[in-house]
Each structure stands twice: as C-alpha cells, then as structure tokens.
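Here is how names work: the chains are called A, B, and so on, in the same order as the sequence lines, proteins then strands, and each is numbered from 1. Treat the numbers as computed from the prediction; the structure is a model and nothing was measured.
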Amino acid sequence: MIANIALTDARHAVDKLFDYLIPPELERVAKPGMRVLVPFGVRNTAVEGLILSVSQTSEFPSLKPLIRCLDPLPVLTEELISLCVWMRHQYLCSFQQSYRQVKPPYLGTRLRQWLFFLKDTEEKLSAPQRRLLDTLKEYDGFAEMAELEAALHRTSIRSSAYALQDKGLLEIREKIDNTISLKYIRKARLNFSPEEGYATADELRSRRATVQADMVLTLCDCGDLPTSDLVLISDGNYNALNALKDKGIISIYREPFLRTAYAPDQYTPSVPYIPTEEQKPVIDYLNRLITHNLHEKILLRGVTGSGKTEVFLQAIETCIKQGKQAIMLVPEISLTPQMVERFVSRFGTSVAVMHSGLSQGERFDQWYKIRHGEVDVVVGARSAIFAPFKRLGIIILDEEHEDSYKSETAPRYHARDIAFRRGAKHGAPVLLASATPSVTSYYRAKTQKYRLFEMHQRYNQNPLPKARIVDMRSELLDYHNMSSISIRLQDEIRRNLDKKEKTILFLNRRGYNTFVSCRQCGYVMECPHCSIALTYHRSSDHLACHYCGYTCQNVTVCPECGSQYIKFFGTGTQKIEEELYTLFPGVRVLRMDFDTTSGKGGHEILLNRFKNGEADILLGTQMVTKGLDFADVTLVGVLAADTSLNINDYRANERCFSLITQVCGRAGRGNTEGRAVIQTYQPENVTIRLAKEQNYPDFYENEMKYREKMQYPPFCDMIHIVLSGEDERQVKQEIANIGLLLNSRPEIQGAILQTIGPDPAPIAKIKNKFRYRIFLKAADTQQLLPLLRQISTAHNAGNSKNTLTIDINPTNML
DNA sequence: AGCACGCCGACT
DNA sequence: GTCGGCGTGCTC
C-alpha cells in the first residue's frame, strides 16, 4: 500500500506530494487524514506529513517506507482534506497554508536531535568539526543540537555533526514530540457493583481501614470521580487510594481534561419562544432543508432588532434534535459575551466557542471536543468555518456583509465561499443574514442564486429610530459652532441627560486619522519607512505609524519650513471626550477605542460598565456599532457620517450605509422610541439620505447602477496582484514581466474585462518595501486561475527577493 | 528548508 | 592542482 503525502511542516516549503510505502503493520491505521513521520531527503530526516490518499501503485520507482503514525485517529476527515486541496487551487496558496486553517490548532511536531559522543580520533578534523567534538566531550558526551549551536555561536552545526557521524565519532538520535498534548485527569472507578461495594466497605471497616471504607462508599454513591475530588469529598488521602488500587478494589484511569471557553453554570437556561409571523416561514423553510439534507443558499435580510438570532437558535435546535451539528459564524467584533450567552443559555454545554481571546490550550480543547463529537454547535469568528464536524446540519453567517469574513493572509479565503462548499458536501443549508446585506449577496438573491427572506418588523413592534441629518457646514457658517458636536445633537444629549437615558456616540474613523501637518507649507508628518501619514496620539503626545509601529515624539516646529504652525488635524475620540466634558459638566463618558479596550477583556469590561449605568454616554469607533443590545439607549449620534465616503474604494457607499444603519439600529431597543442624529458635511449625499431612512432597497438599486456602470463586483471579480520588495527597480521589473505575461494570452482575454497597472500601490511603501500592483477586473476568475498559478509558481521558482500576493476581491485595496 | 552537484576564483 | 564561493535543482 502506498500513501500520497503532503508535507505539513512549515519549515519545509515544498509544495509537492510524495509517495511513501505503508509498512504492513501500519496499514490499518495509516488512513487519509493521518499525520505521519516520513524520512525526507538524503539524510532521511524525519518530517511531518499528512496522508491525503492511499493507493496500490505509484509512478515513482523507489519508495521509502513511512516511519510511524503520529495520532491514534486521523486528525482530518476526508471532507476537510479535499477542502485543503481545493483551497490551495482556489486561493493560489501552498498546501501548508491551506492545511494550517484546518489542522488542530497548535498541534504539530518538533524535531530534537541529540548528539552522543562515541570516540575521538587522531585523524585531522576540520576546525568546526574539532570544536564540535571537543565541546560535546565537555557536555559529558551528550547534548542537544540546538544547545551546542548556542554554545558554539553557530547558526547551524548540522553538516559538521553529520560528517562526524559518518566518521563514526558520534551518533545522532532524533526525538519527535507533539507540540501540544492533551491535559489528562486521573479518575477512580469501583471495580464492583455498588451493592458489592457496600459489602466491601463494611469489610474494610471491620479491618479498621475506615478511610478506605469511606472512599469506597463515596464511589458507590457518586460513581466515577476524579481522584482529587474523591479525596476531597470522602476526606481521604492518596495512600488509601493507592492501597485500594493495589487491592484491586478500584482502578485508576486517565481521561482527557478539556477546558470550556465559558462558564456554563453562569447562564440561565432559555427556551424557544413562539416565532412571529415573519420568523415562522424562515424557520419552517430551514427545518425542511435540514430534515431532508438539502443544501441551499439563503439570504435573510432582517432589520436590526427583527429577531434574526431566534431564527438561528430554532434552526440549530432542529439540527441537534436530528443528530447533526451547526456552525454559527459571527464577526469577531460582535462575538461578545452577550452573543455567547444567547447560545449557551439555549444549548448548554453542547456549545463550543472559538474566538481570538482563547489560550492555546483552550483553543485546542475546543477543537478536540468538536472532532470527537462532544459538542453540537460552534459559535465562532471566521476560522470556525473549518470546525471538523462530521454531519453538518446548517451553517449560519450573521452580519454576512462584514469584511472580517475575508482573510487577509494566505489562504485569502472568504468564509462565505468555504461555507457554500462545505454546505454542499454535507447537504446542509447555508444561511447568510444581515440587516444590510452586501450588494453582491443581495444581487445573487435577486437573481435566484440565493433564496431571499426578509423581515421588516422589529419584534417588540417598536418603530425604527427617528433619524435626522445635520448639515455640519452650516454649524460653522450660520451658528459659529466650532465644536464637532452640532447644536441639534447637543440639545438631544442634554434631553437624554435630563431623562437619565443613555446615549451612544459613534465616530467613524475609517480613512480619517489624526495627522500632523504644517499650516504654513502644507507638509505632513510621514513615517520614514512607509509612505503613510503618522497618526497623532494625544495621551502620550507621540506620533505613530499603524503599518510598521514606528513612533516618535511630536514636533513643534515644521521640519520642512521651520514654522511653528504645525498642528494635528482630524478628530479623535479623545478630543470629543474633552468637548463633552466642557459642554456638559459632570457628564459620565465611557470612551471605547483602541487605547481603552486593548487589555484582556477590556471590551467586555467597558460594555458591562455601560450596561450597569456607570456612564451616560458611550463614545467610540467601529466597536460601538456591533452586537450591542442595551434596552435603555434612546439616542445615537453619528459624528461624521461622510468620512468613509471619501476613501478610494468601490465599497465606500456600501460600508457607509451599513455602518450608519447598524449604529442607528442601536437606539430604541427597549420600550421607548429611539432617536438618531447624523452629522455630515454632505447632507445631499444619496447614501447618507437613504441610510437615514433605513431604506435598503433604494440604496441597493442606486448602488447597482453605479457598480454596473463602473464594472465593479458583483459584475466582476477584482483580482489584486501586489509585488513588494526593497529594491524598487527589481520590483518594477518583475511586475512588468507579470503584466506582459497577462497580456500575452489571447485565449484568456475574454475572462479579463480590464487590466489596471502595473502602478505603484496607493501605499507605495510599507516597512521600507516598495509596492507595485496590477488590478484585474475578471469576468471569469475560474478561467484565470491556471494563469495566476503560473505567475505564482514562476515567482517562487525564480528565487525572487520580492513578495507576491494575489488576492481575489480583497477587503482593502491599499 | 536542507543538501548535493557544479562551475569559477584564491590558496597550499 | 584543491578548497570553497553560492547559483540551480531535487527531495517520494
């Protein structure tokens, strides 16, 4: 039998498949999905590989046998193996990169090589070999390779060590460890039935072994117990425990100890409620698909507060009842305790939670529970789409328009596409949900690629918040109001303060940072390593670069013209906070931004303080728009609605619309009507007007005209080819060659609608690396994949010092 | 990533 | 004539 193997070890960047013989004794366990050790290269060093498939024959004449299997059971299902192979093709990445997404988190192997001294020699050795052998003797004749490298101040002593081994002077032994292992807990089990146990206890007591007797009784009453619990409950000790074990009365066994990512006993159980007339058809439809194992793509557009989550919960419940599993994806930013609570209180311990806050061990344990069928639901951010379930019943993406579903590192996948592929394999429906679906998804729903459901009513029958647009131009001109808070919004805030109701203020900062520039000559303080303006941080009076982390002291004199009129521009949350304190003395403001939420659980702590009434106003950036559900927030202020419109990105309107809609939806979730004030310098802007009315259909129609005219998605795919490197001439040269290659293929020209570039990228330099790009508007991406793969292979083979990235429909086009 | 093979310049 | 520089190509 022959195993077709991919190397998984990240160090071995060999993106090829290799055949190995399966020794007869391993044939039963060496199945697809199994991690194995194989001898690789002339030295036959052991490296980790994954069996992709097993066959009878090989094209290759001389095969080596694989060394051993690394796990008791395959770590990947066949479905996930084929997903890896597909991702490699689809996202133009290596097998290792696609495997990384799917593999058990942090599970890998580490090779340790130990050197053992055998004998010395009179023969003349090279200087490095001599020093290595002498040092090894100093280490009492045995040492680890890495240890000796450090002692000798060398980067690699491998070749010297192998040479000495060949001369028979030392021996190299390899030891391979898994980089993570399960924590085990020891449990005690009574070897008899409880009745026999009581009798045994009496007998022990009669022999004055009272402690042992009590421990046996405890096991009779409680069943199997962790040894530590047994000792605690029965007031016993470990000597007695061992004595019982030696007498054969109990046995001790090990069980994996798995951490939960939440505290289940903190949650009060919840039960499904009777669905509303809008929820019912959606739930019924999903239930039918789940029951009949039918894959279908469904888009649910439900206004904020229309009860989408209850739809998810009831569909998932159907899955669980039928012995199937569910994946529930939410954007990382809205994976709040509030969100987790809703799932845990409905489904209890059958929920696994995956988010970036988990420790390595916790993350691994969640994966293990999913793989071994100990949970039925996973709630998680993007990467949870790879949860190794065996029988998926439904996949749900909440807030499907969110950018965070797209990976910005290789493999540059979109969770939606992975969901469709997995859903199709499992016969499971995929539900996309949002109050403001991406234009692309809504288009697909309108063109029958997805089934569309819409929910227009908020479940508490509250009307959507009353929104008002304030023209910020006239604030300055007509009212001489220099503040970034309009008179109108000031009045509304005051009203809320009087009524003791809460307010959320949202500052849209995308593409709008506080930068320092000279009013005399217009000079802007830029990062010396990246072509980007430095951001001003008021608290420390420093300037920082968001791309490379460079910081420097703020300046008082313009480095260009020497004038003192150099100041920071733009509005940050800190500045607004100060304005609020001036306008409303005694007001309690919670500022939520990068600085205040960076600590562990900082986000959560702030939200809890706001919930508990420790503040009147929550002020923040993007973070305040997601997943917040506070009943007593009645006013929302959008401080600068148009800033995200002015950035050079075809999705600017879409982002602006959904941001304003989502943040306004935060108001009036309780029993009182909500109000929203939208401040803008472009009050006539269509997107802002429609967002104010929460009019998605008109926004969609309007946006589609623009997308069609400009040939943007959904009418094409945007393929972004970026090349970066320190030598600008080399970068220009290589990208020019790529451009030529793209144009030299008449047969694929139909698949390309337009080629833009090569040009310098909008951020022309990051971390001292020059960046050039080519944009393709592709009518048929599938047809272009072979050519793109060819570009990437050629780049890798050419030993280029530059970095190539190919991203299909990137989230940001910088 | 290693490691070998291979083809040119500075040393015993 | 040989040691060693790193370019190129292969690893089942």
Side-chain angles (χ1 to χ4, degrees), chain A residues 1-24 26-27 30-32 34-70 81 85 88 93-100 108-115 123-132 144-146 148-149 152 154-167 172-174 176 179 410 725 727 730 733-734 790 792-804:
Chain A
M1 294 281 268
I2 284 136
N4 207 228
I5 282 166
L7 301 185
T8 52
D9 199 327
R11 293 199 320 273
H12 283 85
V14 188
D15 192 28
K16 267 187 185 169
L17 299 183
F18 296 94
D19 288 347
Y20 281 88
L21 279 172
I22 303 175
L26 291 179
E27 273 180 17
K31 297 285 181 212
M34 174 63 79
R35 291 187 312 137
V36 290
L37 280 184
V38 293
F40 193 68
V42 264
R43 287 288 176 188
N44 284 325
T45 37
V47 298
E48 187 190 304
L50 185 84
I51 303 185
L52 295 192
S53 59
V54 171
S55 63
Q56 297 294 332
T57 55
S58 170
E59 308 258 294
F60 207 81
S62 57
L63 299 184
K64 297 175 184 176
L66 56 87
I67 302 169
R68 66 179 169 94
C69 296
L70 285 164
I81 298 172
V85 173
R88 177 180 175 278
C93 65
S94 67
F95 182 82
Q96 283 97 335
Q97 286 169 328
S98 64
Y99 171 72
R100 234 178 90 83
T109 45
R110 194 171 61 169
L111 173 72
R112 293 175 177 214
Q113 292 176 308
W114 285 81
L115 310 188
E123 185 191 343
K124 191 170 178 339
L125 297 173
S126 75
Q129 291 176 17
R130 180 80 263 166
R131 277 198 296 144
L132 171 56
E144 210 186 316
M145 188 85 84
L148 289 173
E149 277 168 356
L152 290 163
R154 298 258 312 267
T155 47
S156 176
I157 55 167
R158 289 175 60 101
S159 54
S160 309
Y162 280 124
L164 291 171
Q165 179 175 245
D166 292 345
K167 291 184 209 287
I172 300 172
R173 282 188 220 156
E174 290 180 339
I176 286 106
T179 49
D727 185 335
Q730 280 181 21
Q733 179 67 54
E734 192 182 343
Q790 193 190 327
S792 129
T793 331
H795 167 81
N796 292 333
N799 262 339
S800 163
K801 289 198 181 77
N802 303 326
T803 313
L804 173 74

inquiry  = A/Asp19 and side chain to side chain contact (heavy atoms under 4.5 Å, CB included): which single residue from A/Asn4, A/Leu66, A/Ile5, A/Thr57 fits?
reply    = A/Asn4
message = In this structure, how many angstroms lie between the C1' atom of C/dC10 and the NZ atom of A/Lys64, rounded?
response = 11 Å
request  = Quick one: pull up CD1 in A/Ile172 and CH2 in A/Trp114 and give me the separation to the nearest 0.5 Å.
outcome  = 14.0 Å
query = Between the main-chain N or O of A/Leu111 and the side-chain N or O of A/Glu174, is there a donor-acceptor pair closer than 3.5 Å?
reply = no
request  = Mind listing the closest non-hydrogen atom pair of A/Phe40 and A/Lys64 along with its distance?
outcome  = C-NZ, 4.4 Å
Protein N or O to nucleotides 2-7 of chain C N or O, pairs below 3.5 Å:
none

request  = Rounded to the nearest angstrom, tell me the gap between atom CG in A/Leu7 and atom P in C/dC12.
outcome  = 9 Å
Could you pull out the protein-nucleic contacts involving nucleotides 1-5 of chain B (nitrogen or oxygen on both sides, under 3.5 Å)?
residue : atom : partner  : partner atom : Å
B/dA1   : O4'  : A/Arg11  : O            : 2.5
B/dC3   : OP1  : A/Arg158 : NE           : 3.2
B/dC3   : OP1  : A/Arg158 : NH2          : 3.0

task = Indicate the atoms forming the closest heavy-atom contact of A/Val54 with A/Pro32, along with that distance.
result = CG2-CD, 3.9 Å
remark   = d(A/Leu37 CG, A/Leu70 CG) to nearest 0.5 Å is 4.0 Å
task = Whole angstrom is fine here: how far is it from CZ in A/Phe18 over to P in C/dT11?
result = 7 Å
key: Whole angstrom value for the distance that separates C1' of C/dC10 from NZ of A/Lys16   = 6 Å
key: Length of the CG-P vector between A/Leu66 and C/dT11, whole Å   = 18 Å
key: Interatomic spacing from CG in A/Leu50 to CD1 in A/Ile81 - rounded to 0.5 Å   = 5.5 Å
task = Mind listing the closest non-hydrogen atom pair of A/Pro23 and A/Pro65 along with its distance?
result = CG-CB, 4.4 Å
Nucleic acid contacts - residues 52-61 of chain A versus DNA chain C, non-hydrogen atoms under 4.0 Å = A/Phe60
message = In this structure, how many angstroms lie between the P atom of C/dT11 and the CG atom of A/Asp19, rounded?
response = 12 Å
key: More than 12 heavy atoms of other groups within 6.0 Å of A/Arg100 CZ   = no
CD-NZ distance between A/Gln129 and A/Lys167, expressed to the nearest 0.5 angstrom = 5.0 Å
request  = Count the heavy atoms belonging to other residues, nucleotides or ligands that lie under 6.0 Å from CZ of A/Arg110, then report whether that count exceeds 12.
outcome  = no
ask   = Whole Å only: how far is the CG atom of A/Leu63 from the C1' atom of C/dT11?
value = 13 Å
